[in-house]
Amino acid sequence: MEYKKNQIVTVTIEDMGNDGEGIGKVDGFSLFVKDAVIGDKVEARITKVKKSYAYARLENLLVPSPFRVKPKCAVHRQCGGCQIQALSYEKQLEFKQKKVSGNLIRIGGFPEMLIDAIMEPMIGMENPYRYRNKAQFPIGYDRENNLTTGFYAGRTHNIISNTDCVLGISENKEILETILYYMKEKHISAYDEVSGQGLVRHVLIRKGFSSGELMVCIIINAKNLKDGKNQDFWEELVDALSKISNMTSVSINYNREKTNVILGQEGKVLWGKPYITDTIGSVTFRISPLSFYQINPVQTEKLYGLALEYAELKGTETVWDLYCGIGTISLFLAGKARQVYGVEVVPQAIFDARENARLNGIKNAEFYVGKAEEVLPEKYGKEGIYADVIVVDPPRKGCDEKCLETMLKMCPEKIVYVSCDSATLARDLKVLCEGGYELKKVRGVDMFPGTGHVEVVIMMTYCGSDKKNKR
Ligand code: SAH
C-alpha cells in the first residue's frame, strides 16, 4: 500500500526510536510516531514518507498504553525539550537499557549472551525532575507578538512559552519573569533572528547544586553596553536580580553574529562574581558562563563514581583522560592515581582545568590543549608516553580513528569509555576489540530523564598475548 502525507493510519506502538518516538508497523512498513509511547494504539497523521518508513504524529489516542503517565508539564508535546515524559520512568529506563544493549549487539558485534551477562542495570534518578543545573532560554515573541520566553518547539525556532520547565530549577521562573517584566516596562526589544535586529537574545541560568549559588547571563545583540543607553533598564534589572536569594553572578554576554551559537566570546560582569562554584565528590569547580559542565549534577557524581570504580585504581597508575573538558573526570580520579594527564581541544576549558586543579591543591594532574587524535600520537611518537588506564569521554561522534589507533599502540591495561551516544560507542569498541581488548563491564547512567538520551560507561581490559612486546 502507498502512504501519503496527511493520511491517517491506525497503528500499535511496539518499539521506540532513538529520539523516543514510538515505532509501529503496518504491513511491514515502519511508522515513527512522535508523542506515541510503547503500548499505545493510535491514529497517526503521516508527516513525511520515505521508501520503507514514514514519520507521523499522534492524532488520536485510541487505546492508551499501560505505561503511560500524566506528564507534569502542560506543554510537553509542543516543546522540543523532552520526548518521553509521557512514559513511566521505569519504562524509560528499560527503553534506554535496551537501546544500549541493542547497539552493542548490532553495531558492536558483541554476542547477546555476553551483553546479558555483563551489563549492569541502568542507574536512574530517585526524582527524575528538576535535575538540570543549566538552561538557555531564547527571548522572543509569541504568535500575538507578546514578549516571551520558553523553549523552541522541536525542529523549529518557534518559542513555546514556559518559564517553569519541570526539568529545570524552580528559580528559573522568578529570574525569567523579572527579566521579562523590566524588558516590557522599559520597552526593550527581543532579538529577531530573521532581521538581526533587537537587543536581548537569550538568558543563561546556572545553579551550583551543592553551593546553591545562582548565575544569570543575559546574551545581547550588541558590542558593548554604551553608557546612557538603556541605563535605567540595566540598573533596575540588575538591582532586582541581585536581590533574588542566592544570586551570585549577573553578567551580560555580547553576540552580534547571525548564528545558532548562543554565547559570544566576550562578556562583562554587572554584579557579583564572574563564576559560581559547585562540588562533585571532594572536588570543587569554578564555572563561568562559557564553561562546559555536565548538566545533571546528581547523576554526574554517579557517572564519575562509576568511571572511578571501573578504573580500579590502586594509587600507582598513570591515567590519560581524553576529551577532559574542564578536567572534571581527571580531577575526580587524581586522588586515586599516581599521575593524571588530560587532553581537551578548547583552550578555555584547559585554562579552567588547571585553575580547578590549583584551587583543589591537586598537583598530580597535567593538562594539554589540542585534539586527542593529534596530541596523543605526537606524545607517543616523540616521548613514548605510557598509560595504565585511558579514560575517554568524547562528544557524540565518538573517537577519531587516529586516537583509537594510538590507544591500541599504547596498550593500557584498562580502557574506560564514557559515552553519550551508544551507537558510536559500539562502533569504537569493535575497533578496540579487534586490537586485543575484551569488554568486561557496561552500565548506563540516566543523565537526561524525560529525553531519549542515555550515557554509558564501559570498561575493557587488554587480553592480547603480546602484552610485554607492546610495552
Ligand atoms: N569529560 C568532560 C567533558 C566531556 S564532553 C566532562 O565530563 O565534563 C566532551 C569534550 O570533548 C568537550 O569538552 C569537547 O570540547 C571535547 N572535544 C571535542 N572534540 C575533541 C577532540 N577531537 N579532542 C579533544 N577534545 C575534544
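A side-chain donor-acceptor contact under 3.5 Å links R45 to the backbone of N6. At least one donor-acceptor pair closer than 3.5 Å links the side chain of N253 to the backbone N or O of G264. Panel note: side chain R132, backbone C165; no donor-acceptor pair is recorded below 3.5 Å. With N255 contributing its side chain and I262 its backbone, the two residues share a donor-acceptor pair below 3.5 Å. No donor-acceptor distance shorter than 3.5 angstrom exists from the side chain of T461 to the backbone of M459, with no hydrogens or angles considered. With hydrogens and angles ignored, the 3.5 Å screen pairs a side-chain donor or acceptor of E344 with a backbone N or O of G325. N162 places no side-chain N or O within 3.5 Å of a backbone atom of A74 that could act as its donor or acceptor partner. For K91 (side chain) and R68 (main-chain N/O), no donor-acceptor pair under 3.5 Å exists by modelled atom type. Checked by atom type and distance alone, the side chain of R206 pairs as donor or acceptor with a backbone atom of S288 at under 3.5 Å. Using modelled atom types, one side-chain atom of N360 and one backbone atom of T284 make a donor-acceptor pair closer than 3.5 Å.
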message = Under the criterion salt bridge (Lys or Arg N to Asp or Glu O under 4.0 Å), I'd like the reasoning laid out for E312 against K440: C-alpha separation, chi angles, the key distance, then a yes or no.
response = CA-CA 12 Å; E312 295 172 339; K440 296 285 186 189; over 6 Å; no

query = Could you go step by step and tell me if F448 and E455 meet the side-chain contact (heavy atoms from CB on, under 4.5 Å) rule?
reply = CA-CA 8 Å; F448 314 104; E455 199 88 5; 3.8 Å; yes

Verdict with supporting geometry, K430 and I107, side-chain contact (heavy atoms from CB on, under 4.5 Å) = CA-CA 8 Å; K430 194 171 180 191; I107 304 170; over 6 Å; no

query = Taking it one step at a time, do I295 and Y131 satisfy side-chain contact (heavy atoms from CB on, under 4.5 Å)?
reply = CA-CA 8 Å; I295 58 110; Y131 61 79; 4.3 Å; yes

ask   = Can you list the steps and then say if D446 with K96 is a salt bridge (Lys or Arg N to Asp or Glu O under 4.0 Å)?
value = CA-CA 8 Å; D446 189 20; K96 293 183 185 191; 2.7 Å; yes

ask   = Does the salt bridge (Lys or Arg N to Asp or Glu O under 4.0 Å) test come out yes or no for K402 and E373, once each step is laid out?
value = CA-CA 5 Å; K402 194 101 189 114; E373 61 273 23; over 6 Å; no

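For the residue pair E317 and G315, the shortest heavy atom distance occurs at OE1-N, 2.9 Å. Of all the heavy atoms in Y152 and P138, the pair that sits closest is OH-CB, 3.4 Å. When all heavy atoms of L62 and E43 are compared, the pair lying nearest together is CD1-CG, 3.9 Å. In plain terms, the two heavy atoms of G17 and F95 that are nearest each other are O-CZ, 3.2 Å. The shortest heavy-atom contact between V33 and A44 is CG1-CB, 3.9 Å. Taking every heavy atom of both residues into account, N364 and A334 meet most closely at ND2-O, 2.9 Å.
Looking at L333 and K336, their side chains never come closer than 4.5 Å, going by heavy atoms from C-beta outward. Between D164 and N172 the shortest side-chain heavy-atom distance does not fall below 4.5 Å. When side chains are defined from C-beta on, Q294 counts as touching D393, because their heavy atoms get closer than 4.5 Å. Looking only at side-chain heavy atoms (C-beta outward), F32 and I23 come within less than 4.5 Å of each other. The shortest side-chain heavy-atom distance between L308 and V416 does not fall under the 4.5 Å cut-off. In this structure, the side chains of M16 and E94 stay at 4.5 Å or more apart for every pair of heavy atoms. Looking at I276 and K207, their side chains never come closer than 4.5 Å, going by heavy atoms from C-beta outward. Between L58 and R77, the closest side-chain pair of non-hydrogen atoms falls below 4.5 Å.
Within 6.0 Å of CZ on R57 lie no more than 12 heavy atoms contributed by other residues, nucleotides or ligands. The 12-atom threshold is not exceeded at CD of E112, counting heavy atoms of other residues, nucleotides or ligands nearer than 6.0 Å. The number of heavy atoms from other shown groups lying within 6.0 Å of NZ (K441) is above 12. Within a 6.0 Å radius of CD in E193, more than 12 heavy atoms belonging to other residues, nucleotides or ligands are found. Within 6.0 Å of atom CD in E177, more than 12 heavy atoms from other residues, nucleotides or ligands are found, so the atom counts as buried in its surroundings. Within a 6.0 Å sphere centred on CZ of F351, heavy atoms belonging to other residues, nucleotides or ligands number 12 at most.
S210 and D278 share a side-chain donor-acceptor pair at under 3.5 Å. No donor-acceptor contact under 3.5 angstrom links the side chains of D142 and S161, judged on distance only. Using modelled atom types and a 3.5 Å distance limit, the side chains of Y368 and E366 yield a donor-acceptor pair. Judged purely by distance below 3.5 Å, without hydrogens or angles, the side chains of N133 and Y293 never pair a donor atom with an acceptor atom.
Annotation: F137 is in aromatic contact with F151 [ring centroid separation under 6.0 Å].
A side chain to side chain contact (heavy atoms under 4.5 Å, CB included) with T148 holds for exactly one of T163, I139, I159; it is I159. Each of L114, V456, L429 was evaluated against L104; a single residue qualifies, L429, per the side chain to side chain contact (heavy atoms under 4.5 Å, CB included) test.
Note on residues 96-129: no pairs pass ring-ring contact (aromatic ring centres under 6.0 Å, His included), not counting sequence neighbours.
Relative to the ring axis of F367, R354 does not place its NZ or CZ within 45° and under 6.0 Å from the centre.
Going from atom OG1 of T300 over to atom CD1 of I280 covers 5.0 Å, rounded to the nearest 0.5 Å.
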